[in-house]
Each structure stands twice: as C-alpha cells, then as structure tokens.
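Below: the structure, in structure tokens.
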Amino acid sequence: MSQRFQSYIDGQWVDGSGSTADENPADLSTPVGEYGVLDAALAAQAVEAAATALPAWALSTPQQRADLLDRVGSEILARKEELGRLLALEEGKTLPESIGEAARAGQIFKFFAGEALRIPGEKLASTRPGVDVEITREPVGVVGIIAPWNFPLAIPAWKIAPALAYGNTVVFKPAEIVPACAWAIAEILSRAGLPPGVFNLVLGAGRTVGQALVEHPRLDALSFTGSVPTGNALLKQAAARGLKIQLEMGGKNPLVVLADADLEVAVECAVNGAYFSTGQRCTASSRLIVENAVYDDFVARIQARLATLKVGDPLQPGIDIGPVASQAQLDTDLSYIRAGHDDGAELLFGGERVEYRTQGHFLAPTLFAAKPGDRIAREEIFGPVAALLRADDYAHALALANDTAFGLCGGICTTSLKYATHFKRHAQVGMVMVNLPTAGVDPHVPFGGRKASSYGPREQGRYAVEFYTSVKTAYTAA
Ligand code: ADP
C-alpha cells in the first residue's frame, strides 16, 4: 500500500484534502506515495500554533535546544542511507548524491546544536559616564520557511536548524513534489522532544499554503529559496507588511577555463558543476566560459567525458545522472533546448530525452556552443543544459562571467595565482571557486549571492544568526 504523507500542526499529524501523487521521476508507474493538501485556514492554524508556542520556546535554555538539535542530527546521520534512498526515489538525484545530502542535513543540525550554545552578545563602554551598554540577540519570532525541491533534506535543514537553535518557532512549507522528504524531517522532529507548535509542517500549494504564511500577521520572518518570480513577489508582499525576509533564488553561474588551466581538472569541474544532480542546483555551472587558445581542446575533452556518463535510475549503481525531477521541469528544459536551436546555438552534446527501461523524465546532458546574448546563456534553466562561451583572454572571460543578472557563484580553472586572485576579487558573486566545481559548498560557512540571486542576510554557518535573531541594545545606569 502506498504511503500517505501528512502535515504536522501543533504536535498533531493532520491530513489534508484530496490525494496528490508523490511521483517517482525515474519510474512514473510506481509513485512514492501520496499526500493531502492543506487549505489556507489550516496553514493559518499552523502559524497560530507557532505563535502560541513561541514565548515558552524563546525562553528554553540553549542547552535544551542544543541537546534536541544534536539528537535530530545524530538520527539523520545514523539513517543517512535510508533517508538518501527516499530522497533519490522522490527527487531523482543519484543514491550517492542523495546519501551525501542526507549526511549534510545531519551535519547541519549538529552544527547548529553547537551554535545554540554560542549565541553571541557584546558589552561595550557607553559614551556617557555611569552607563553600561549591552547588545544581545533574541529570537526573531515565528519563522516561515518556504523551500524548493532540489535539495529536499539539506535546504530545510539549513533553515529549520538555525531557526530552532536561536529560539524561534517554525512553520515549514516544502515544495509540492517532495512531501516525503519533508515528512521524514517532521517525523524525526516530532520524536525529538519539541513542545507542540514549535515545529509545524504544512503540505500544499505555494499559492494557497505559501500565501497563507506570508499573509499571516503573526508571522515574523520568512526564509525562502526558490525561483526569481516567486521570490520577487514575496519580497513585495513582505515589504508591504514589514516582514523580515531572506531570499535565495536563481543563478547563471560562470565557470571560466583559462588557457593555463589543467584541462583534466577543468573538464571534471565543468561536468560535475553543470550536470551532476541533473543540473538542478542553483549553483550549477550553466555557463562555461573557455579561453580561445584551449577552446577546441576543451570541447573535444568534454564531449568525450559526457559520452561516458550514464543517465538512468538513480538507485542503480553506476548511474551518473538521475532523471529531471518533474514533468514541469522537463518541459522547461526541453523548451530551452528549442530556444538554443532557435537562437542558432550549436549543439555539441545531447539535446534529447534518453530512452530507459522505465518511463521517467530522463534527459541527456546537453551542451551548446552559444553566444552571450542567447537565452540559454542568460536565463536560468535549472536542468542538465549548459552554454559554452568563447573568450578572447582573461579580461574578456571575466567580463562575460559578470555579464549576468545573477550573482550566486562563479568559478575559475587556472594554474595562475595572479588570475585566481584577480577573479576572487572581481567576480560579482557571493561565492567563488578556484579549480573546483561551482556547486558543492561546505555547511559551516555562509551561502548566498548578490544581484538577482539573493536578498537579505546570508544563510548557513555563523552568519545565519543575522536572519534568525533580532538585536537588542540595552542601556543601564550603573
Ligand atoms: P520552482 O519553480 O523551482 O518550483 P517556485 O519559486 O515556484 O520554484 O517554488 C519554490 C517554493 O515556493 C515552493 O515551496 C512553492 O510551493 C513555493 N511557492 C510558489 N508560489 C508561491 C507563492 N505565490 N507564495 C508562497 N510560496 C510559493
């Protein structure tokens, strides 16, 4: 019998209405399960439960919160294979990638367990005689978390863990196509000893459940990761009602390959960055900018490497690229492949769906030689489709790298300290990689971008404290 995933409100499992299939993108004939969607009224109830639970939770001791988050992290780490399997089944990334993501989610809970014990404050001398000044951090309040489908364990973890660590209560709305991973996190949290209402899961549509969160007057802050149009719409609503908001959105991340690069390293960085996790990473290297002198050599090498990649069932050993996560995303990918052809880009690899023994959303890794103005070189695709651009020299490569509305991540492959140093300084991004894929970041340091990619304080690492706390300055006559 297929499993039915439920929401979790005020310490109770709550079923929604109807029955939405939770698809297995590698085999459409065997869904992972099903779930019922909440209406706006139930989503509002979750915010109210979180608001009611807030005062007591905000006064819980750092040790209580540290112990609890540590238990959650330990359970996720102990069950990383099983959770990874669920992730691979539901979202489609390969099993090793999925297990790695589950482990990362566990590490993030462990990291913030430690941070709960290190909430910073300051005491300064006042400019006035006989006065003490202290700066403390308090929970920001009820935090709404709206997450995407591409990292269905890690992204919720890097929002939920700091929210709870700093004494906030949470209402978590996952993306529609990954209810099982969200339910798995909620199930672990439901047994971790949280008072009712401190953590709530609301399954349902962005337009109803997501909207109910952002519109609710008792929501104090909203952390969102998803698409640019949704993020920008939420930003306007948040501004209109003075809601604290943090947005992580798209990327069109450049990977520059200079003539002096180790081409073997460069090809691995490009293939990993552009195609692993089926290219469904906001940090994916979707623009490969290669210096003229090595362009032909790079093309020959990457074509040969792409020919070795196996697309298929993510649970099978030896598979390098799983399916695209949904029909909607596949349609987007295919429409960009058509746009590549329409704009006159030259197809260098892939470009079509892959036949497999099961019926799923399989797409070949696709590479186009493009021009900087082509849609495939400018717009985020979020699939295994990359645009190759030719650069005359380093200066031209840097100009191309920065010629984008986005600013999440940028990479360079070079053996020159001079160019690596210059790129680190001048790439207009939040994260820079040297001789590494643009995707693949550590869990204990800040994550985020500039320009159209991000808005608000950084996520992860110690910098997460900025979003999840509110600063208070207190003056005392001594
Ligand atoms: P994608 O195109 O990758 O699905 P979206 O931005 O549409 O990206 O979705 C990211 C998250 O935002 C999902 O959890 C989705 O349900 C939610 N969402 C979508 N539309 C809205 C909305 N109008 N209000 C609040 N949340 C939304």
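Ligands are counted one by one from 1 in listed order, and the atoms in each one are counted from 1 as well. Excluded from the calculations below are hydrogen atoms, water molecules and symmetry mates; all remaining heavy atoms, backbone and side chain alike, are included.
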Checking a contact table here: which protein heavy atom is nearest atom 23 (N) of ligand 1, and how many Å away? Gln211 NE2, 3.3 Å

Should the ring pair Trp183 and Phe5 be called parallel, tilted or perpendicular, given that the plane angle runs from 0 to 90° and is split at 30 and 60? tilted

Between Gly206 and ligand 1, is there a nitrogen or oxygen pair with a distance under 3.5 Å? yes

Using the ring centroid of each side chain, check whether Phe109 and Trp158 are separated by less than 6.0 Å. no

Report yes if the side chains of Val209 and Leu203 come closer than 4.5 Å at any heavy-atom pair, otherwise no. no

Under 4.0 Å from a heavy atom of Trp149: which atoms of ligand 1 are those, numbered in the order shown and with their elements? 3 (O), 4 (O)

Check whether the side chains of Glu97 and Thr94 place a donor and an acceptor atom closer than 3.5 Å, and report yes or no. yes

What protein heavy atom sits nearest atom 17 (C) of ligand 1, and how far off is it? Ile146 CG2, 3.5 Å

Under 30°, 30 to 60°, or over 60°: which ring-plane class applies to Tyr166 and Phe112, parallel, tilted or perpendicular? perpendicular

I need the contact type for Leu213 against ligand 1. Using non-hydrogen atoms and a strict under-4.0 Å cut-off, is it side chain, backbone, both or neither? neither

Nearest to atom 6 (O) of ligand 1, what protein heavy atom do you find, and at what distance? Ser227 OG, 2.6 Å

for atom 19 (C) of ligand 1, nearest protein heavy atom and its distance come out as Thr230 CG2, 3.6 Å

Looking at Glu34 and Arg4, does any basic side-chain N land under 4.0 Å from a carboxylate oxygen? yes

Check each heavy atom of Phe382 against ligand 1 and say whether those closer than 4.0 Å belong to the side chain, the backbone, both or neither. neither

Cationic tip of Lys93 within the cone over Phe276's six-membered ring, i.e. under 6.0 Å and within 45° of the normal? no

Can you label the angle between the Phe172 ring and the Phe199 ring as parallel, tilted or perpendicular, going by 30° and 60°? tilted

Looking at Leu234, which atoms of ligand 1 are within less than 4.0 Å of one of its heavy atoms? 24 (N), 25 (C)

N/O to N/O below 3.5 Å, does that happen between Lys173 and ligand 1? yes

In terms of atom number and element, which parts of ligand 1 are under 4.0 angstrom from non-hydrogen atoms of Ala175? 13 (C), 14 (O)

What is the nearest protein non-hydrogen atom to atom 15 (C) of ligand 1, stated with its residue, atom name and distance? Glu176 OE1, 3.6 Å

With heavy atoms and a 4.0 Å threshold, my read on which part of Ala147 contacts ligand 1 is backbone

Is atom 9 (O) of ligand 1 less than 4.0 angstrom from some protein heavy atom? no

Can you list the ligand 1 atoms lying under 4.0 Å from a non-hydrogen atom of Pro174? 14 (O)

Parallel, tilted or perpendicular: which fits the ring planes of His341 and Phe368, with parallel below 30° and perpendicular above 60°? perpendicular

Does Asn168 use its side chain to pair, donor to acceptor, with the backbone of Ala163 at less than 3.5 Å? yes

